[in-house]
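None of the values given here were measured: they were computed from a predicted structure. Chain identifiers are assigned alphabetically (A, B, ...) following the order of the sequence lines, protein sequences preceding nucleic acid strands; residue numbering begins at 1 within each chain.
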Amino acid sequence: MTCLPESFYQQEVVLVARQLLGMRLVRKISGKRVAGIIVEAEAYRGEEDLACHAHVGKTHRNAVMYGKAGRAYVYFTYGMHWMLNVVTGPEGFPAAVLIRAIRPTEGIEEIQTRRAGRPEKEWCSGPARICKALDIDGSLNGSALIDDESSLWIEEASPVFDNQILTSPRIGLGNTPEPWKSKLWRFVIDRKEMKRP
DNA sequence: CGCCCGATGTGCT
DNA sequence: GCACATCGGGCGT
């Protein structure tokens with residue numbers, strides 16, 4: 001296992017969100033690999049971005065986003081859901097990528113158990129579903145994704161060409177003002193387009 | 001499949 | 001007190 005280095009995460013957050021598509025998110029659960037290819041991700045960028053949790057300034061909740069790149073920012077919302085983000089950019093500048101969907105590739109039995117009773121298509125399509133499927137919660141908030149001690153990291157898999165990628169506004173920003181609401185900071189692998197350039 | 005709505009805890013004003 | 005980077009069940013098409 002070769003996890004992505006800190007230098008990867010130190011890049012501009014929108015670029016990192018794009019680059020994460022096609023990479024493999026790996027979680028180790030009692031010694032076993034549970035993993036999937038990242039197929040959807042969104043960038044949240046600085047205090048200026050009114051959709052970003054950091055728009056209210058630094059607080060206890062969002063403090064990890066202000067820290068070093070390559071850490072997990074895991075937060076709780078809607079009274080029941082965990083969300084996984086990866087911190088990017090220089091220390092002190094709050095930015096992170098929300099992992100919104102993966103395509104499971106390893107540890108399918110573990111995922112199936114954790115997502116019992118739901119259709120396979122819904123196992124890991126959605127930020128809270130990923131956390132449920134991979135047993136990710138607040139205990140991983142602030143943890144490094146870039147060392148071998150970790151039980152959560154991202155590794156290279158297969159590159160994704162630009163013509164396989166769709167962009168759109170970020171999901172779920174109901175009350176967020178423009179221009180933030182319309183920023184094309186959501187990246188998705190187009191399931192239909194499997195051609196090479 | 002789509003739309004609607006309730007669930008349910010916490011951070012921040 | 002309220003908004004929230006959501007999900008799943010219920011019901012109509």
Which is it for Tyr9(A) and Ile154(A) under the side chain to side chain contact (heavy atoms under 4.5 Å, CB included) test, yes or no, and what are the steps along the way? CA-CA 11 Å; Tyr9(A) 297 102; Ile154(A) 301 171; 3.5 Å; yes

For DNA chain C, which residues in residues 125-141 of chain A have a heavy atom at a distance below 4.0 Å? Gly126(A), Pro127(A), Ala128(A), Arg129(A)

What residues in residues 171-179 of chain A put a non-hydrogen atom under 4.0 Å from any atom of DNA chain B? none

Atom CE of Met65(A) to atom P of dA5(C): distance rounded to whole Å? 11 Å

Could you state the CH2-P distance from Trp123(A) to dG8(C), rounded to the nearest angstrom? 13 Å

Categorize Arg186(A) for me: base, sugar-phosphate, or nothing, with a 4.0 angstrom heavy-atom threshold over every strand shown. nothing

Rounding to a whole Å, what distance do you find between Glu42(A):CD and dT6(C):C1'? 12 Å

d(CZ, Arg118(A); P, dG10(C)) in whole Å: 12 Å

Readout for nucleotides 6-13 of chain B: B = base within 4.0 Å of protein heavy atom, S = sugar-phosphate only, - = neither; 5' to 3' it is -BBB-SSS

Does the side chain of Arg27(A) come under 3.5 Å of the side chain of Ser151(A) through a donor N or O and an acceptor N or O? yes

In this structure, how many angstroms lie between the P atom of dC4(C) and the OH atom of Tyr75(A), rounded? 12 Å

By a strict heavy-atom criterion of less than 4.0 Å, which residues belonging to residues 95-113 of chain A are in contact with DNA chain C? Leu98(A), Arg100(A)

By the definition side chain to side chain contact (heavy atoms under 4.5 Å, CB included), identify the one residue from Gln112(A), Lys132(A), Arg103(A) that meets it with Trp123(A). Gln112(A)

Backbone of Ala43(A) reached by a side-chain donor or acceptor of Arg170(A) within 3.5 Å: yes

Which residues in residues 10-23 of chain A have a heavy atom closer than 4.0 Å to any atom of DNA chain B? none

Tell me the interatomic distance from Asn85(A), atom CG, to dT6(C), atom P, rounded to whole angstroms. 11 Å

If the cut-off is 4.0 Å, is Arg115(A) near the phosphate of dC7(C), judged by side-chain N/O to OP1 or OP2? no

Let's go through Glu106(A) and Lys32(A) carefully: what are the C-alpha distance in whole Å and the side-chain angles of both, what is the deciding distance for salt bridge (Lys or Arg N to Asp or Glu O under 4.0 Å) to 0.1 Å, and is it a yes or a no? CA-CA 9 Å; Glu106(A) 295 171 67; Lys32(A) 286 201 285 194; over 6 Å; no

For DNA chain C, what are the stems built from at least three Watson-Crick or G-U pairs in a row, each pair having both distances below 3.5 Å? B:1-7 with C:6-12, B:9-12 with C:1-4

Is the Tyr75(A) ring parallel, tilted or perpendicular to the His53(A) ring (thresholds 30°, 60°)? perpendicular

Take atom CD of Glu178(A) as the centre, draw a 6.0 Å sphere, and report whether it contains more than 12 heavy atoms from other residues, nucleotides or ligands. yes

Tell me whether Glu155(A) is salt-bridged to Arg33(A), with the criterion being a basic N under 4.0 Å from an acidic carboxylate O. yes

Given 3.5 Å as the limit, does a donor-acceptor pair link the side chain of Asn62(A) with the main chain of Thr59(A), or not? yes

So that I can tick it off, tell me whether Glu42(A) and Arg100(A) are bridged by a salt bridge, with the cut-off set at under 4.0 angstrom between side-chain N and carboxylate O. yes

Salt-bridge test for Lys58(A) and Glu47(A): reply yes if a basic N is under 4.0 Å from a carboxylate O, no otherwise. no

